[in-house]
Amino acid sequence: MESGHRSLADTEKAVQARLGDTPVPVCHERMAAVASIYRAAAAVRQYFENSVLRDAELTWTSFVVLWVVWIWGERETRRVAEDAGISKGTLTGVARTLQGRGLLERKTHPADGRLALLSLTPEGERLMIRVFPEFHTEEAFVTEALSDDEALDLADLLGRIVLQVESRGADRRLELLDGQDPRPRRSGRRAKG
């Protein structure tokens with residue numbers, strides 16, 4: 001098996017060769033857009049985790065959770081998960097880790113004991129004040145090849161994709177699944193037995 005980085009053009013040629021005569025019409029421009037979104041997101045996330053976030057011992061997700069609470073202040077856990085773009089289950093694990101490090105505090109909502117609130121500890125506040133400027137410097141680095149207008153255009157285009165998925169994705173999923181709820185996710189491993 002060959003290893004190494006493949007360019008987007010190489011990948012597109014391989015896809016064309018593989019799907020050339022498929023009976024399903026393939027919108028190569030749309031496929032290229034989604035593949036590029038995925039590759040860019042993965043590359044940026046990996047770059048940040050291996051640079052500025054490494055010294056702070058943070059993953060991308062843990063940084064985003066801290067950032068949401070830092071920017072918006074004390075928030076209900078479900079709102080933090082929404083704002084961070086993660087599931088409540090993922091937030092539970094991340095929040096526990098950040099609590100264990102003394103960066104995040106969790107307390108019961110005063111008006112509704114079923115809800116929990118997250119806030120930064122003083123140590124979490126100090127970490128964000130130190131890490132955010134470094135993080136932002138790297139945001140500028142990874143977008144350096146774009147002009148300011150191109151960066152704004154990219155943000156607008158990606159925002160439109162997010163809006164499409166958020167506003168119409170649930171209906172489309174129901175349509176694709178014939179109105180059925182999706183089956184639970186699997187890890188990809190076969191069931192034992």
Side-chain angles (χ1 to χ4, degrees), residues 34 37-136 138-139 142-143 154-177 179-189:
V34 172
I37 291 167
Y38 172 78
R39 286 183 69 172
V44 167
R45 181 178 182 146
Q46 184 176 22
Y47 174 76
F48 276 85
E49 286 184 343
N50 288 328
S51 61
V52 68
L53 298 178
R54 176 143 317 203
D55 286 342
E57 297 180 7
L58 295 172
T59 64
W60 177 271
T61 304
S62 62
F63 174 79
V64 171
V65 167
L66 289 172
W67 187 84
V68 165
V69 178
W70 184 52
I71 293 298
W72 298 111
E74 185 175 75
R75 309 263 296 156
E76 287 181 30
T77 53
R78 64 184 167 161
R79 298 286 180 235
V80 173
E82 250 175 44
D83 292 343
I86 59 177
S87 70
K88 289 183 278 184
T90 298
L91 176 62
T92 298
V94 171
R96 281 188 186 137
T97 299
L98 294 172
Q99 282 177 262
R101 290 186 54 197
L103 302 173
L104 201 61
E105 180 179 60
R106 179 186 175 106
K107 64 182 179 184
T108 303
H109 193 288
D112 187 342
R114 298 169 296 172
L115 302 176
L117 300 171
L118 295 177
S119 59
L120 290 184
T121 63
E123 188 176 340
E125 184 78 26
R126 284 190 296 275
L127 178 71
M128 289 304 292
I129 288 169
R130 178 179 66 80
V131 170
F132 181 74
E134 297 169 10
F135 186 92
H136 182 60
E138 298 316 303
E139 287 178 314
V142 300
T143 57
L154 177 62
D156 178 61
L157 293 169
L158 292 172
R160 287 165 46 191
I161 290 171
V162 170
L163 182 61
Q164 168 73 3
V165 172
E166 288 180 349
S167 65
R168 300 187 58 213
D171 290 340
R172 177 69 173 165
R173 185 186 70 237
L174 285 173
E175 179 184 321
L176 292 171
L177 298 175
Q180 302 295 312
D181 287 331
R183 295 191 335 230
R185 290 186 195 168
R186 292 185 39 168
S187 65
R189 292 182 289 226

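The main-chain N or O of Leu163 is found under 3.5 Å from a side-chain atom of Ser167 such that the two form a donor-acceptor pair. Under a 3.5 Å cut-off, the side chain of Glu49 and the backbone N or O of Trp60 do form a donor-acceptor pair.
Between Val80 and Trp72 the shortest side-chain heavy-atom distance does not fall below 4.5 Å. Residues Arg106 and Thr77 meet the side-chain proximity criterion, which asks for heavy atoms closer than 4.5 Å. The side-chain heavy atoms of Ile86 and Val65, taken from C-beta on, include a pair separated by under 4.5 Å. You'll find the side chain of Glu82 stays beyond 4.5 Å of the side chain of Val68, heavy atoms only. Counting heavy atoms from C-beta outward, Leu177 and Arg173 have side chains that approach closer than 4.5 Å. In this structure the side chain of Leu53 never reaches within 4.5 angstrom of the side chain of Ser62, judged on heavy atoms.
A distance of 13.5 Å separates NZ in Lys107 from CG in Leu115, rounded to the nearest 0.5 Å. Expressed to the nearest 0.5 Å, how far CZ of Phe48 lies from CD of Glu138 amounts to 6.5 Å. Taking CG from Leu104 and CG from Leu127, the interatomic distance works out to 11.5 Å, rounded to the nearest 0.5 Å. In this structure, Leu58 CG and Leu98 CG are separated by 7.0 Å, a value rounded to the nearest 0.5 Å. The OG1 atom of Thr61 sits 11.0 Å away from atom CG of Leu66, with the distance rounded to the nearest 0.5 Å. Atom CZ of Arg114 and atom CD of Glu76 lie 10.5 Å apart (nearest 0.5 Å).
Counting non-hydrogen atoms of neighbouring residues, nucleotides and ligands closer than 6.0 angstrom, the NE2 atom of His109 exceeds 12 such neighbours. At most 12 non-hydrogen atoms from other residues, nucleotides or ligands lie less than 6.0 angstrom from CZ of Arg96. For Arg130, the CZ atom sits in a packed shell: over 12 heavy atoms of surrounding residues, nucleotides or ligands are nearer than 6.0 Å.
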* Steps toward side-chain contact (heavy atoms from CB on, under 4.5 Å) verdict (Val131, Asp55) -> CA-CA 9 Å; Val131 170; Asp55 286 342; over 6 Å; no
* To do: Under the side-chain contact (heavy atoms from CB on, under 4.5 Å) rule, what do Glu139 and Thr143 come out as? Steps first, then yes or no, please.
  => CA-CA 6 Å; Glu139 287 178 314; Thr143 57; 5.6 Å; no
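Between Thr121 and Arg101, the side chains place no donor N or O within less than 3.5 Å of an acceptor N or O (distance only, hydrogens not considered).
If you look at Trp67 and Phe135, their ring centroids are not closer than 6.0 Å.
A salt bridge links Glu175 and Arg172; the closest N-O separation between the charged side-chain nitrogens and carboxylate oxygens is under 4.0 Å.
Closest heavy-atom contact between Leu91 and Ala81: CD2-N, 3.8 Å. Across every non-hydrogen atom of Ser119 and Val69, the tightest pair is CA-CG1, 3.5 Å.
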